[in-house]
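In what follows, a structure is listed as C-alpha cells, so that the remarks can point back to it.
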Amino acid sequence: MSRVRIVLIYQSLLGIYGDRGNALVLAKRLEWRGIDHELVIVEPGQVIPADAHVYLLGGGEDMAQISAVKAIRADGNLFRGVDAGAVVFAVCAGYQICGTSFTVGDHEEVIDGLGLLDVTTRRGPQRAVGEILTSWSRPDGPVSLITGFENHGGFTTLGPDAAPLAHVEIGVGNAGDGTEGAVQGRVIGTYPHGPVLARNPELADHVLSLALGRDLEPLPSGEIDRLRSERITHVRSGRR
Ligand code: GLN
C-alpha cells in the first residue's frame, strides 16, 4: 500500500459531537509510526473519493443525518470504496445511517439507510445520555474496555448479519439490551463519542490494522493509559 487514505465525510452535517477527532487520531497514529498517509475531508457537494482505505462518519443532529444519507447515496462512491475493501468507522448518527433504516426525533417517517450494516434504528423510550463503558472482545483475543459518552434518541436493533461490537457495562448502547455497536465485514458502527478513538487507542489501532491488512507495532501509551483509568474509575464510581 503506497499511501493510507483516510476520508472524513461531511463535517458540516456530521460534525457536532467532535468525532472529527477520530480522523486526527488515525492520522497521528500513522504519523507516529512513519506510515505515509493523507486525510481528506469531504463536504456535501464534493465528490467522496472511491479509493479510501478508511471512511469515517460522525454524529449529528436528526435533520442533518437525513441530508447526509441522501447525499452519500447520491454520490455512490462510499459503496464503491466498501466494495473495494475499505474500512468504515461510523459513530452515532453515522452508525445509524449505515443501517438499513432509521427514524429520527419525533418524526416516525422511516428513512432508508445505506444498508452497509444489518441494523435498524427507531426512537427509543428515552434519550440515552451519559458516559458509557463497554467491553470489546478484540478479534485477536483479549478484552478491552471502551470508554466514551453517548447521546442518542435512536435505539438500534441488530439483524442476523451484524454482530455486536461490544457489551455494555455502564450506559445504554444499542437499545438497553446489553449490546453496543455493530460489525459487519469491514464496517464498524458504534455509539460512543469522546472522540472514541482518542479515548481508546486499541480500537484506533484495530481500525488501522484492518485497513492496512497487518498488525501494527504498539506505541507508548503512558499518558493515555492514565487518562483512561481516571475516566473508567470515574464512570464506575457512579458519577455519570
Ligand atoms: N440524531 C441521532 C439520535 O439522536 C444521532 C445523535 C448523535 O449523533 N449523537 O439518535
Side-chain angles (χ1 to χ4, degrees), residues 8-25 41-44 55-73 78 88-134 146-159 162 164-166 168 170-183 187-200 203 207 235 240:
L8 176 61
I9 298 178
Y10 300 167
Q11 273 302 280
S12 56
L13 295 172
L14 301 173
I16 60 162
Y17 290 89
D19 301 313
R20 169 180 194 270
N22 291 329
L24 304 181
V25 167
I41 300 177
V42 187
E43 288 299 345
Y55 294 97
L56 295 167
L57 295 160
E61 287 173 340
D62 295 347
M63 292 306 141
Q65 100 183 53
I66 296 177
S67 305
V69 77
K70 289 181 177 162
I72 293 167
R73 191 179 303 101
L78 177 60
V88 178
F89 186 79
V91 175
C92 204
Y95 169 31
Q96 295 174 355
I97 69 177
C98 283
T100 52
S101 70
F102 61 90
T103 57
V104 290
D106 293 331
H107 300 257
E108 296 296 346
E109 187 195 351
V110 177
I111 316 285
D112 284 341
L114 300 172
L116 299 174
L117 287 171
D118 183 17
V119 305
T120 53
T121 300
R122 297 290 180 271
R123 186 155 54 105
Q126 73 285 316
R127 199 167 177 83
V129 182
E131 284 289 316
I132 178 166
L133 184 66
T134 67
I146 298 179
T147 118
F149 70 91
E150 60 184 333
N151 186 347
H152 53 104
F155 278 37
T156 299
T157 307
L158 275 57
L165 172 68
V168 177
I170 295 169
V172 175
N174 283 327
D177 60 354
T179 68
E180 201 300 299
V183 183
V187 181
I188 300 173
T190 189
Y191 272 112
H193 307 286
V196 68
L197 297 185
R199 284 202 192 186
N200 304 281
L203 186 57
V207 171
V235 65
R240 296 193 65 200

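Keep in mind that what you see is a predicted model, and the values were worked out from it rather than measured. When a residue number appears, it is its place in the shown sequence, counting from 1. Atoms within each ligand, like the ligands themselves, are counted from 1 in listed order. Below, all heavy atoms of this structure are taken into account, side chains as well, without hydrogens, waters or symmetry copies.
Of the listed residues (Thr156, Thr157, Thr121, Thr179), just one forms a side chain to side chain donor-acceptor pair (under 3.5 Å) with Asn174, and that residue is Thr179.
Within a 6.0 Å sphere centred on CZ of Arg20, heavy atoms belonging to other residues, nucleotides or ligands number 12 at most. Surrounding CD of Glu61 are at most 12 heavy atoms belonging to other residues, nucleotides or ligands under 6.0 Å away.
Defined by atom type and a distance below 3.5 Å, a donor-acceptor pair is present between the side-chain atoms of Ser12 and Glu43.
Between His193 and Tyr17, the two ring planes are parallel [angle under 30°; tilted spans 30° to 60°].
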Under 3.5 Å, N/O to N/O: give me all the pairs between ligand 1 and the protein, one per line with atom names and distance.
unit_1	atom_1	unit_2	atom_2	d
ligand 1	1 (N)	Gly60	O	3.4
ligand 1	1 (N)	Asp62	OD1	2.5
ligand 1	1 (N)	Gln65	OE1	3.0
ligand 1	4 (O)	Arg127	NH1	3.2
ligand 1	4 (O)	Arg127	NH2	3.2
ligand 1	4 (O)	Gly153	N	2.9
ligand 1	8 (O)	Gly60	N	3.0
ligand 1	8 (O)	Gly60	O	3.3
ligand 1	8 (O)	Ala93	N	3.0
ligand 1	9 (N)	Tyr17	OH	3.3
ligand 1	9 (N)	Asn151	O	2.8
ligand 1	9 (N)	His193	NE2	3.2
ligand 1	10 (O)	Gln96	NE2	2.9
ligand 1	10 (O)	Gly153	N	3.1
ligand 1	10 (O)	Gly154	N	2.8

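Under the side-chain contact (heavy atoms from CB on, under 4.5 Å) criterion, Ile111 pairs with Ile66, Val69, Phe102, Glu109, sequence neighbours left out.
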